[in-house]
Every structure is written in C-alpha cells, then in structure tokens.
Amino acid sequence: SALLVRRCQSRQQIRTLSAEIESLKNPRALEPSPQLASLKEENAKLKYRLNTLKRSLQADPAPGSRAMLNINQRLQQVFEDAIRAACPQVADPPLAVTPGRDPKFGDYQCNSAMALGQMLKARGEKVTPREIAQKILENLPENELIEKTEIAGPGFINIHIRKPFVSKLLTNLLLNGVQPPPLPVRKKVIVDFSSPNIAKEMHVGHLRSTIIGDSMCRLFEFLGYEVVRLNHVGDWGTQFGMLIAHLQDKFPDYVTSSPPIGDLQAFYKESKKRFDEEEDFKKRAYRCVVRLQSKEPEIIKAWTLICDVSRAEFQRVYDCLQVKLIERGESFYQEMMKAVVEELKQKGVLELDEGRHIVFVPGQSIPLTVVKSDGGFTYDTSDLAAIHQRIFQERADIIIYVTDSGQSTHFQLVFAAARMLGWYDPLTTRVEHAGFGVVLGEDKKKFKTRSGDTVRLMDLLDEGLKRSMDKLKDKERDKVLTPEELTQAQRSVAYGCIKYADLSHNRINDYVFSFDKMLDDRGNTAAYLLYALTRIRSISRLASLDGGALAAAAASTPILLDHDKEWKLGKCILRFPEVLNKILEDLFLHGLCDYLYELATTFTEFYDSCYCVEKDRQTGEVVKVNMWRMLLCEATATVMAKGFDILGITPVSRM
C-alpha cells in the first residue's frame, strides 16, 4: 500500500541522513575552513530532518492499526513540522493547537503565530503574526486529516477536518472498540491510595482517596501501564501498645481462641480512655510497644488479630466500591527505616536538635524528623523508606500519592529529600502528590453526623443504597424491572453517584456531599449519565438490532456526517483520547466527567434533530432504520461505557 511505501522511503531516508551526520562528525571534515559555518548549519538541518522523519514514522499508525487516533496530537505533529520549517531560526517554537470554540470557524485552531511574532520581534525581526501564519500554512506537510485552513483576525489559523477521515476513524472505533495507542515503553506506575488506619473506622477522607486513586489506576491500566495499587495502611506505632494491653485484659486467652471483637471502634475508644486515665495501663502499653518492635510471638499474635478485624471491615468497603488493593502498611518498611537512617548518617545530612535527628532540605524551612528523642521512628522516616523501596526495589517510573491536601507540605519535603540524596531524577522519574480537598456537609462545614462524630463509611454506603432504591421506586422502575435487575440498578446508581459526585469536582477543591444532588437525574450527575447510556442502548433494541447486526453494519456502512449534529457528535466522540491524554498529564479526573456530560448532551441534540429509527405514525411500526445514525449511537455508547469503566462506575442494561 501507499503507506507501506512511505514507511520504507522514510526508513531509507533515515539511513541516508544518519550516514551524512556521521560523516559531518569526522574531524577532518571540520578543520578550520571557509565552509565550517555552512557545514555546521547543514548538520543542524540534517539532525532536524532526521528527528522529523523518525517522529513521523512513529506517529503514522501501522496498517490495520486498531488504536483510536488522538486528532489533536496528530495536528500538533503536522503544525510543529510546519512551524519549524517556517521559522528555523527559533530553537524551541511555541505550539498551540486547540479545539475550535465556534464550529463556523473550523474544528481546531492553531494560535502559535502571535507568540512567534513576539519572539521574532525580540530578535529584531519585523514580521506580523498574519505573515507568520501564512508562512506556516505554506510549509504544512501533506497529511490525511486537514480539509482546509484559513487565517483569521491577527493570525489565528482555523483548521477544518476532512469528514471522510473522521468517518473512517469512527468505523475503526466500531470495529475494534476503544483501543489505547501502543506505548513505546511499558512503564511501571505505583499509586499509593486509600491508606486507612488499623483499628479506626474508614471515613469520608478515605472515601475520596479510595475513589480518586482507583480511577487513576484504571486510567493507567487501560493505557497499558504496569500498575501497582498500594494501600499504605497505618498498621504500626504506639497506638498498638494500648490496643494489645487492652486485648490482654479483656480476652486473656486470645492466643488459643480468637476473641470476638465485634466493634473495633468501640474497642479502640475503651483502650484510649484507659491509656489517658490509668497510669499502670499506660506503662504496660508502652512495654507492649517495645515487645511488638522486638517481635515477640505472643504480641505479634495480638497485633495480627487486631489487624485482621480491621482488614475485614475495610474489605467490606472495597467490595462495595469494586476496588482492588495490595496492602503494604508501615510495618512492611520497619527494617528499611534503619537502613535509610544509616544512609542519612553516612551522607552527613543528619543534624541533632534537642535529642531528635532531623534533616534539612534545600529550599525548605521545615526539617524532616527521622528519629525522635526516644529513638523511635516517625511518619517522615516511614515515607522516606517507602519512596526508597519504590524507586530501588520496585523500580517504578511513576509514583503517585493520593492523600488530602493537608499532607502536601510533608510530601514536598519527602520528595525534595529523595532528590537531594540522589535517589531519583525528576526528568526520568515522575513523583507526584495528587492532593484533594475535604468533604463538607450541606451546611458547608466538615462532614459529620448530627452528634458531631465522623461519618462511618459503611453507614454512608448503606444510606446511598436506601436512597437509590427510593429513587427507583419513585420512578416506578420496580414495576418494570425484575427483582435482580432492580438490585443491579440500585447498586449501580448508589455507588456510581457517590463516585461521580467526587470525581466530577476538581479534586483540589472541597466539595459538598449531598445525596439529593448526586441522585438528581438532571445535570452533570451519574444518575443522568447512567439513564442516558441506558436510553442510547435501548435505541438498537427498538430497531431490533443486536450486536452482530451492528458489527456487520459497521464493516459495510459508511458513516455519513452531512447533518450539523452528526458532524458535531462524530467529532465529540473522537475527542476521547485527547481527554485521557490531558488527565495523564495533570491527574484531574473531573475532565473526563465534563467530557462524558458533553458527549451525552451532544448526543441528545443529535437524537432530537436526526431520525435514527422512523416509525409509521398510525401503527407505530418501524418503517426505516437509518443505519449510519445507528452506528453513531453505538459509537457514543461504546465511548461512554469505557469512560464509566475508567471512573469505576458499572452501568446496567436496564434501569
């Protein structure tokens, strides 16, 4: 095919250019001579052409590629080549290609000419942005996706995409499903999220971390990364002394028969009360901590029992939310902490401060405390050991910590210390704290029960199930759905709405938890989107089309995009890879929620204007099925379903 010929020609050109560059590196060719400057210039041009060819070879999808094409990324490649050819004197030219705001003026827009005009003006070159824009267009390489371009205003370049190209991409999507682009290298990602404390209830703060972290993992997994989902539970420390001492008193035969600790929260409160009020108990609690650190079998048995009761409680939450995690708590890093402290000593960065051992990091006014005055370790020590293990043993390329924004300063210190010690280079290893705001009640204060206690997560999830069923019964869905379908819809709406309400807000901001708002089936809510997806899927049932018939139609029926609303929907569907790519960069998942809402509302516009299934007005019988529009329905549903999957939301076939 023509593409194969082009690829072969590109490879041949790469070999030729590589040989020319090597010959230019020959010292004899670079002896002082009148041609030296021109040779250097030629060398730079050859290197640029070589990189351009390599990039175009990588960017061209291989024949029969199943991946969804990122149109914005492809346009950026085309315009980068044109800009570099138009302004070779600018070493690092600005590149700005964005979706157009008004479809009358094009589908995308390149806004680089204005910034280039400023840069050239600073160099003393007098050239207007419109002239630069014209030069860019003159240097546009041949490509498969641009129909036409025009210069508007001071130098904006409006870009119109070819409809047959978009139609072809939609057909590819229908035939192959939503496929991510192949990764050049499969990187390893560690996401540290959820992280509740043993013997304490999970609360709404853990809910945010669990939902956001799980969704990030799902995105990286879909894109082909190797993902390790870590649960850094608080399973070590002085609080275990009082818990174990209380266990010894309350269930003295715990070593031989498992104690019936039903309510671990009440057990924790009892032990804390005794710790605060009984001096003998406090002393025994401290001795238990020492014995735990010495790993005495009887004490380890008590510690394991307490941890197991907590794990069972945590797992109930994870099962409801369909979240998978590998537990790796603070206890895992105990021995590693000693090695980290030793390394800090050897590198001469430890300072003594009133009995504590601290580390100051360049540019930071607050130190890390790695050894307390009593010789114990701290959260700082634990997190230093954890990041060291993740870099050197796990060999992670990307490490993301999903905790509340209140811990931001702590993590910035830990990351800065790791860089100072030479553990990682931010140019090759991405280490990031994805912070989030607090959950507020409808009174805009911190989310609490009426008695002022922290809201238990299981109580919250159970309340969601109850409210979800009430909503379904209000809509009389219990009269239409089977009992099994009703239960599935109840769980889908309840847990989907709780997740979506969190993910649809910018995670940095605080957000108000309101069951009434999240269960509203109008506006940007999971309830609205779940109903929308169910309605879209019901259209094919109305037309008596099953999956096989739609697949056969996708292979043989061109998707027409002549109507404005067909064209708008087709372009919106294909923006999905752009949306995911942006989230990969900034880790803000509300962008995906905004996109899914836009897709649903764009579909509604299309469905209201374009007949998919035409019926006889008298009999109600289907008289005509516009197959290309049915394929647009199917493409919309396919992308929405994948978006839900990344958000951790489970749609149902009937609601």
Side-chain angles (χ1 to χ4, degrees), residues 178 207 210-211 214-215 218 315-324 457-505 513-547 550 589 592-593 595-601 603-604 607 612-613 633-655:
V178 184
L207 177 68
T210 305
I211 289 170
D214 177 57
S215 189
R218 287 169 178 269
Q315 198 56 48
R316 286 178 65 204
V317 172
Y318 298 141
D319 288 344
C320 288
L321 299 174
Q322 295 181 299
V323 172
K324 290 185 171 64
L457 212 40
M458 275 314 301
D459 291 347
L460 193 75
L461 296 175
D462 289 343
E463 176 72 9
L465 283 175
K466 179 188 169 298
R467 297 232 192 177
S468 168
M469 183 59 82
D470 291 345
K471 189 84 176 176
L472 288 163
K473 285 181 176 176
D474 285 348
K475 289 177 161 288
E476 299 189 333
R477 302 313 292 163
D478 53 324
K479 295 175 183 175
V480 180
L481 303 175
T482 66
E484 189 184 353
E485 285 174 334
L486 188 64
T487 302
Q488 284 179 343
Q490 176 196 21
R491 293 175 71 85
S492 175
V493 171
Y495 301 145
C497 286
I498 290 169
K499 288 184 179 186
Y500 193 87
D502 193 320
L503 296 168
S504 60
H505 289 83
F513 191 99
S514 165
F515 275 122
D516 290 339
K517 283 181 185 172
M518 64 178 69
L519 289 165
D520 193 342
D521 53 14
R522 296 160 300 175
N524 188 7
T525 66
Y528 168 75
L529 291 173
L530 286 164
Y531 285 124
L533 180 57
T534 305
R535 282 196 300 273
I536 294 167
R537 284 183 162 156
S538 71
I539 298 165
S540 55
R541 289 198 295 273
L542 176 68
S544 302
L545 293 170
D546 61 12
L550 286 166
L589 289 148
L592 177 54
C593 300
Y595 166 76
L596 290 174
Y597 181 59
E598 182 190 344
L599 181 59
T601 53
F603 178 84
T604 301
Y607 193 66
C612 299
V613 180
C633 295
E634 182 62 17
T636 304
T638 302
V639 167
M640 281 188 78
K642 179 48 70 179
F644 277 141
D645 186 47
I646 290 168
L647 296 174
I649 296 170
T650 309
V652 289
S653 55
R654 296 185 70 203
M655 276 182 69

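Atoms considered below: every heavy atom in the structure, side chains included; atoms not considered: hydrogens, waters and symmetry mates.
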K.L.:
So how far is it from R218 CZ to Q322 CD, rounded to the nearest 0.5 Å?
P.N.:
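Here the interatomic distance stands at 7.0 Å.
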K.L.:
Enter the distance from L596:CG to L533:CG here, rounded to the nearest 0.5 Å.
P.N.:
9.5 Å
K.L.:
How long is the gap from NZ on K475 to CG on L481, to the nearest 0.5 Å?
P.N.:
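If I round to the nearest 0.5 Å, the distance is 12.0 Å.
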K.L.:
Are side-chain heavy atoms of L519 and V493 found at a separation under 4.5 Å?
P.N.:
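In contact.
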K.L.:
Please confirm whether the backbone N or O of A494 pairs with a side-chain atom of R467, one donor and one acceptor, at under 3.5 Å?
P.N.:
no
K.L.:
Any donor-acceptor pair under 3.5 Å linking the side chain of S492 with the backbone of T650?
P.N.:
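Here the side-chain-to-backbone pair exists.
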K.L.:
Could you tell me the separation between the CG atom of L465 and the CD1 atom of I498, rounded to the nearest 0.5 Å?
P.N.:
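It is 7.5 Å, given to the nearest 0.5 Å.
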K.L.:
Could you check F513 against L460 for side chain to side chain contact (heavy atoms under 4.5 Å, CB included), going step by step and ending with a plain yes or no?
P.N.:
CA-CA 11 Å; F513 191 99; L460 193 75; 3.7 Å; yes
K.L.:
So, K499 side chain and L321 main chain: donor-acceptor pair closer than 3.5 Å or not?
P.N.:
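It does hold such a pair.
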K.L.:
Does D214 reach the side chain of Y318, with side-chain heavy atoms less than 4.5 Å apart?
P.N.:
no
K.L.:
Does some side-chain heavy atom of L486 sit less than 4.5 Å from a side-chain heavy atom of M469?
P.N.:
yes
K.L.:
Do K642 and D645 sit within salt-bridge range, that is, some charged N less than 4.0 Å from a carboxylate O?
P.N.:
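So K642 pairs with D645 through a salt bridge.
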K.L.:
Does a side-chain heavy-atom distance below 4.5 Å link C497 with S468?
P.N.:
no
K.L.:
Assess the residue pair D478 and L472 against the criterion (side chain to side chain contact (heavy atoms under 4.5 Å, CB included)); give the C-alpha distance rounded to whole Å, side-chain angles, the decisive distance to 0.1 Å, and a yes or no.
P.N.:
CA-CA 7 Å; D478 53 324; L472 288 163; over 6 Å; no
K.L.:
Please test R537 against T534 for side chain to side chain contact (heavy atoms under 4.5 Å, CB included), starting from the C-alpha separation and ending with a verdict.
P.N.:
CA-CA 5 Å; R537 284 183 162 156; T534 305; 6.0 Å; no
K.L.:
Taking D521's backbone N and O only, do any of them form a donor-acceptor pair with T525's side chain (distance below 3.5 Å, no angle check)?
P.N.:
no
K.L.:
Taking all atoms of both residues into account, what is the closest heavy-atom pair of P651 and F644, and its distance?
P.N.:
CG-CD1, 4.1 Å
K.L.:
What do the steps show when you test L529 against M640 for side chain to side chain contact (heavy atoms under 4.5 Å, CB included), and what is the final call?
P.N.:
CA-CA 9 Å; L529 291 173; M640 281 188 78; 4.1 Å; yes
K.L.:
Kindly indicate whether the side chain of Y495, heavy atoms from C-beta on, has any atom under 4.5 Å from the side chain of I649.
P.N.:
no
K.L.:
Kindly give the heavy-atom pair with the smallest separation between D520 and A527, and that separation in Å.
P.N.:
O-CB, 3.6 Å
K.L.:
Nearest 0.5 angstrom please: L207 CG to L457 CG, how far?
P.N.:
5.0 Å
K.L.:
Drop me the distance from E634's CD to C612's SG, to the nearest 0.5 angstrom.
P.N.:
12.0 Å
K.L.:
Taking side chain as C-beta onward, heavy atoms only, is V317 less than 4.5 Å from T210?
P.N.:
no
K.L.:
How close do H505 and A501 get, counting heavy atoms only, and between which atoms?
P.N.:
ND1-O, 2.5 Å
K.L.:
Taking the side chain as C-beta and beyond, is there a heavy-atom pair between Q488 and S653 under 4.5 Å?
P.N.:
no
K.L.:
For residues L589 and D502, determine if any side-chain heavy atom of one lies less than 4.5 Å from a side-chain heavy atom of the other.
P.N.:
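They are not in side-chain contact.
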K.L.:
To check you understand the geometry: which heavy-atom pair defines the closest contact between G496 and A526, and what is its length?
P.N.:
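Where G496 meets A526 most closely, the heavy atoms are O-CB, 3.5 Å.
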K.L.:
Please name the pair of heavy atoms, one in I536 and one in C633, separated by the smallest distance, quoted to 0.1 Å.
P.N.:
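Looking at all heavy atoms of both residues, the closest pair is CG2-O, 3.4 Å.
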K.L.:
Name the orientation class of the two ring planes belonging to Y607 and F603 (parallel below 30°, tilted from 30 to 60°, perpendicular beyond 60°).
P.N.:
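Answer is parallel, since the angle falls under 30°.
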K.L.:
Does the S215 side chain pair with the main chain of I211, one donor and one acceptor, at a distance under 3.5 Å?
P.N.:
no
